[in-house]
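Report on the structure given below.
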Amino acid sequence: MHRILLILAAVAALPLSADERIERLMETPWRPGVGDDGPSRGVPVLRVGNDPSCDFTASPSINGLQQAIDAAASDANGAAETEIRLANTGQYVNRRFFINDLADQTVRLVGGFVNCASAGPTGARTVLDRGTASAGPVLLIDQVASLENVFLENLELRGGSGSAGGGMEIRNNNFVIATDVRTTQNSASSGGGIAVGDTNDGTQTLLWLLGDSDVTANTATAFGGGISCSGAQASMVIDTDVSVSGNSTAISGGGLSVRSGCVADVYASFPDGIYENSAGTGGGIAASNGGRVNVVGGEQGFFGFGDADRRTTVDGNTATENGGGLFVTGAGTLVRMTDAVLRVNRADDDGDGDGSGGGAWVGSMARLEIDRTLDDEACHSVVRCSDVAGNSAVQGGGIFVRGNGTEVDVRQTWFTLNSASDSGAALYSTLAGGELPPDSVDVYLEGNVFTGHPMAGNAEVVTLNFGNDARLVYNTFAGNADSEFDSAVFLNTSNNVDFFGNLVAESPGRVFSGIWGSPSFPNIGSAACVVAHEIASLPPGSTDSVAADAMLDGGLRPTGVSPAVDFCDAATYPILEPDLENLPRGVDTAGVTNGLGPFDLGALEFRGTIDGGEVAFIDLLVEMNEGDPARTLLLRRTGAAQGEARIRVQTVAGSAMPGSDFAPIDTVVTWADGDNLPKSVVLGLVDDGVGEDRERLTIQLSIDGGTGTLGAPSTLPVTIYDDDAGVFADGFEGPGSL
């Protein structure tokens, strides 16, 4: 990661405006192209337009803006920074503009001035339109000897065309910050709207898109209909309120193409974001050949990127081949999504057998990571922090994974309403053609919810087609299957599957469909700590699993009476994450007897309390004659009756002694979940035929486990009166004496 993004480790207290971000940039110890003393006071201002107050005239016959840029680049004033103000009285049509060697200058191009006498930009964006000028980008920020700064504000770049960057091309060694800049209706081979390029010459090339900037309605014939970023030291930031929308390319990366080592950090959030773009592959974003994309919602670094109350969105994009939202390919390529939405993207089958990965297509040794948040940052949503929702394709409605060495690691994510007309509504994974075991695809799924997937084709949520090394840990499958032929996971051949701590609340429906053993390419599996309606389809030799109703609430969390509560332990399988709410695993619920340990199954730990009601004696006291028959004593359970209540009943000797005066009691009385009927124990006396004074004992209740608590009375006093001849010293005899 380049130095400027490492600074983001510091956390801002509140979201920052674009101006505040720029001010912080200028105050940091490292500032691209700015001296340690910061920009000088009294920055020279050059005014461009077509009214008497202008320093340079912008007219059909005079290119005043280029004259102003050249004057700033010449460093005639000896200043570290020059501001160029563009008045809307000028004409900037049928022109191209070049910012070349700035001689260590910082140049600001600020549009939106009503006229050259205006003190501030209060008008509409100033439009720079290539029109009939020679082919190429509207604005070319060219290669220079050292890193230099260019600020663009309140501009619209349109009508450009060329090989790279129809609206704007940024070459090596420049740092461009664009605020409230629209790039629209441009075209190029790569980067229809904007192209950022660096040839790894030891100096960075950077682009920040801030404020209400948008890149829209641009086209490319190859890569990046909206934006293309390429090069080992190229990088870019797309901030919260920036839109990359309505762009298209025939090949790859309708909204954004990130290639050859470029690093892109995307914070753009709904109602903005990466949306409604289209391409052959990667309708929203395509990352390839070592490109790295971080799609981050809710993150607030030193420069205030992101918004704690919003998450980044990649939604409504379309691929005519593969990867409606994301296309991730090539060794060293990484896309990481946190607190982000991959939603309503589509990969269409255009008749060539493609149409895979509605949300994301990942292959050729690339890696996709989806997780809740980074470093325990706050999330915009308690549960649905990262979302893969409503995506569609022929195979792999949510995610499609292909090829040896390809890795998908998804944690703490909510999968819902994804669909595949063939198979793998949420996820489909397979080796590529010609690859054979021991080649494998690495799939890791932990702490996710899979729900609401409409079933079609082979009718499964997750398809492990061929050659997968798959680990599914503490996931919840609920409300997907709709027939006895449906399953949570479908297996073809030659898969190695670990299945631990999962909840499968599909009724009717199976956990697995497919064959565990086959003559040539057998599936290998192990499973433990599973609750499902049926467990016969688990791998042979599976342990510590039960066939039962998972008893989930409306939020797919185990209720207090779910058999999944306090079912497993940490030793069964390594757990890497907290639960879906980012809260600790292994919460020991009071009143529940642990199975292997205190870990609840599925994506969410139960965190409530269980009300097992109160258990007490019905009688307040008992009086008996020594010769009476055995007495039945009743216990009642009042209030709620959640879970199993187990109460131990014991006699405690007083003056009456066990064996010689009464038959001792030491037993456990049990109420099942929902049972509140009275239970009984029997107290028997011993008639010893010896005259004696009255004797006493007590019967004591205590908790033996389960969910019940003790009510009153929990101690029952018992008095025994002698029935043998003689009058006792007190002159009374028996409980009925007067």
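Heads up: numbering here begins at 1 and tracks the sequence. Note that these values count all heavy atoms, side chains included, but never hydrogens, waters or copies made by symmetry. Note that this is a predicted model, so its numbers are computed, not measured.
When atom types are taken as modelled, the side chain of Asn317 and the backbone of Asn277 share a donor-acceptor pair closer than 3.5 angstrom. Formation of a donor-acceptor pair under 3.5 Å by the Asp579 side chain with backbone atoms of Glu605 is found in this model. Side-chain atoms of Thr463 do not come within 3.5 Å of backbone N or O of Phe490 as any donor-acceptor pair. Not a single donor-acceptor pair under 3.5 Å links the side chain of Arg292 to the backbone N or O of Gly332. Side chain of Thr249 to backbone of Gly225: no donor-acceptor contact under 3.5 angstrom is found. Glu581 contributes no side-chain N or O that, together with a main-chain N or O of Val383, makes up a donor-acceptor pair within less than 3.5 Å. Proximity of a side-chain donor or acceptor of Asp600 to a complementary backbone N or O of Gly586 within less than 3.5 Å is not detected. Proximity of a side-chain donor or acceptor of Thr406 to a complementary backbone N or O of Met365 within less than 3.5 Å is detected. A donor-acceptor contact shorter than 3.5 Å is absent between the side chain of Glu506 and the backbone of Ala488. No donor-acceptor pair closer than 3.5 Å links the side chain of Ser245 to the backbone N or O of Ser243.
Between Arg557 and Leu552 there is no side-chain heavy-atom pair separated by less than 4.5 Å. The shortest distance between side-chain heavy atoms of Thr493 and Pro522 does not fall below 4.5 Å. Counting only heavy atoms from C-beta outward, the side chains of Asn502 and Thr476 never approach each other to under 4.5 Å. You'll find the side chain of Ile170 reaches within 4.5 Å of the side chain of Thr205, heavy atoms only. A 4.5 Å side-chain heavy-atom check between Ser494 and Pro437 finds at least one atom pair inside the cut-off. Residues Asn468 and Phe466 have side chains not in contact (no heavy-atom distance under 4.5 Å, counting atoms from C-beta outward). Side-chain contact between Val504 and Val489 is absent, with no heavy atoms from C-beta onward closer than 4.5 Å. Taking 4.5 Å as the limit, every side-chain heavy atom of Thr333 sits out of range of all side-chain heavy atoms of Arg367.
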Kindly determine whether Val266 and Leu256 satisfy side chain to side chain contact (heavy atoms under 4.5 Å, CB included), including the steps that lead there.
CA-CA 10 Å; Val266 180; Leu256 175 62; 4.1 Å; yes
For side chain to side chain contact (heavy atoms under 4.5 Å, CB included), just list the numbers for Asp387 and Thr413, CA-CA rounded to whole Å, side-chain angles, deciding distance to a tenth of an Å, and then say yes or no.
CA-CA 6 Å; Asp387 236 343; Thr413 296; 5.9 Å; no
Stepwise, does the side chain to side chain contact (heavy atoms under 4.5 Å, CB included) test hold for Val341 with Phe270?
CA-CA 9 Å; Val341 173; Phe270 184 82; over 6 Å; no
The test is side chain to side chain contact (heavy atoms under 4.5 Å, CB included); show your working for Val449 and Phe415 and say whether it passes.
CA-CA 6 Å; Val449 165; Phe415 284 79; over 6 Å; no
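The side-chain hydrogen bond (donor to acceptor under 3.5 Å, both in side chains) search around Asn523 returns Asn495, not counting sequence neighbours. Qualifying side-chain hydrogen bond (donor to acceptor under 3.5 Å, both in side chains) partners for Asn496, counting only residues two or more places apart in sequence or in other chains: none. Partners of Asp315 by salt bridge (charged side-chain N to carboxylate O under 4.0 Å, His left out), not counting sequence neighbours: none found. Glu577 is linked by a side chain to side chain contact (heavy atoms under 4.5 Å, CB included) to Asp371, Arg411, Gln412, Glu446, counting only residues two or more places apart in sequence or in another chain. Legend: residues meeting salt bridge (charged side-chain N to carboxylate O under 4.0 Å, His left out) with Arg346, ordered by chain and number and at least two apart, are Asp348. Glu534 meets the salt bridge (charged side-chain N to carboxylate O under 4.0 Å, His left out) test with no other residue; sequence neighbours excluded. In this view, Ala393 and Ala347 satisfy the side chain to side chain contact (heavy atoms under 4.5 Å, CB included) rule, not counting sequence neighbours. In terms of the side chain to side chain contact (heavy atoms under 4.5 Å, CB included) criterion, residue partners of Ser190 (sequence neighbours excluded) are, by chain and number, Ala222, Phe223, Ser228, Arg259. By the side-chain hydrogen bond (donor to acceptor under 3.5 Å, both in side chains) test, Asn465 is found to be paired with Tyr428, Thr430, Asn492, residues two or more places apart in sequence or in another chain being considered. In this view, Phe567 and Cys529, Val531, Val546, Leu601 satisfy the side chain to side chain contact (heavy atoms under 4.5 Å, CB included) rule, not counting sequence neighbours.
Annotation for Leu583: atom CG counts as buried by contact number, over 12 foreign heavy atoms lying within 6.0 Å. By the neighbour-count criterion of 12 heavy atoms within 6.0 Å, atom OH of Tyr444 is densely surrounded, having more than that number from other residues, nucleotides or ligands.
For residues 466-480, the salt bridge (Lys or Arg N to Asp or Glu O under 4.0 Å) pairs, not counting sequence neighbours, are Asp442-Arg471. Counting only residues at least two apart or on different chains, the ring pair (Phe, Tyr, Trp, His ring centres under 6.0 Å) pairs with a member in residues 307-335 are Phe327-Trp361.
Inspection of the Thr240 and Asp307 side chains reveals no N or O donor paired with an N or O acceptor under 3.5 Å. Side-chain N/O atoms of Ser513 and Ser487 include a donor and acceptor closer than 3.5 Å. Thr373 and Asp339 form no side-chain donor-acceptor contact under 3.5 Å, judged by distance and modelled atom types alone. A donor-acceptor contact closer than 3.5 angstrom links the side chains of Gln395 and Asp422. Side-chain atoms of Thr281 and Ser252 form a donor-acceptor pair, as typed in the model, at a separation below 3.5 Å.
Geometrically, Arg310 does not engage Tyr267 in a cation-pi contact, judged by NZ or CZ lying under 6.0 Å from the ring centre and within 45° of the ring axis.
Aromatic rings from Tyr573 and Tyr474 are positioned such that their centres are separated by 6.0 Å or more. Residues Phe450 and Trp414 place their aromatic rings such that the two centres sit no closer than 6.0 Å.
Residue Asn391 holds its CG atom at 5.0 Å from CG of Asn345, rounded to the nearest 0.5 Å. Once rounded to the nearest 0.5 Å, the distance linking CG of Leu206 with CD of Gln233 reads 10.0 Å. Rounding to the nearest 0.5 Å places CG of Leu503 at 10.0 Å from CG of Asn475.
For the residue pair Cys229 and Met236, the shortest heavy atom distance occurs at CB-SD, 3.9 Å. The minimum heavy-atom distance between Val388 and Asn418, with the atom names listed, is O-ND2, 2.9 Å. Here the closest non-hydrogen pair linking Arg510 and Ser537 is CB-OG, 4.2 Å. When all heavy atoms are compared, the tightest approach of Asn480 to Gly452 is OD1-N, 3.1 Å. Closest approach of Val242 and Ala268 over heavy atoms only: O-CB, 3.2 Å. Nearest heavy atoms, Ile370 versus Ser386: CG2-CB, 4.0 Å.
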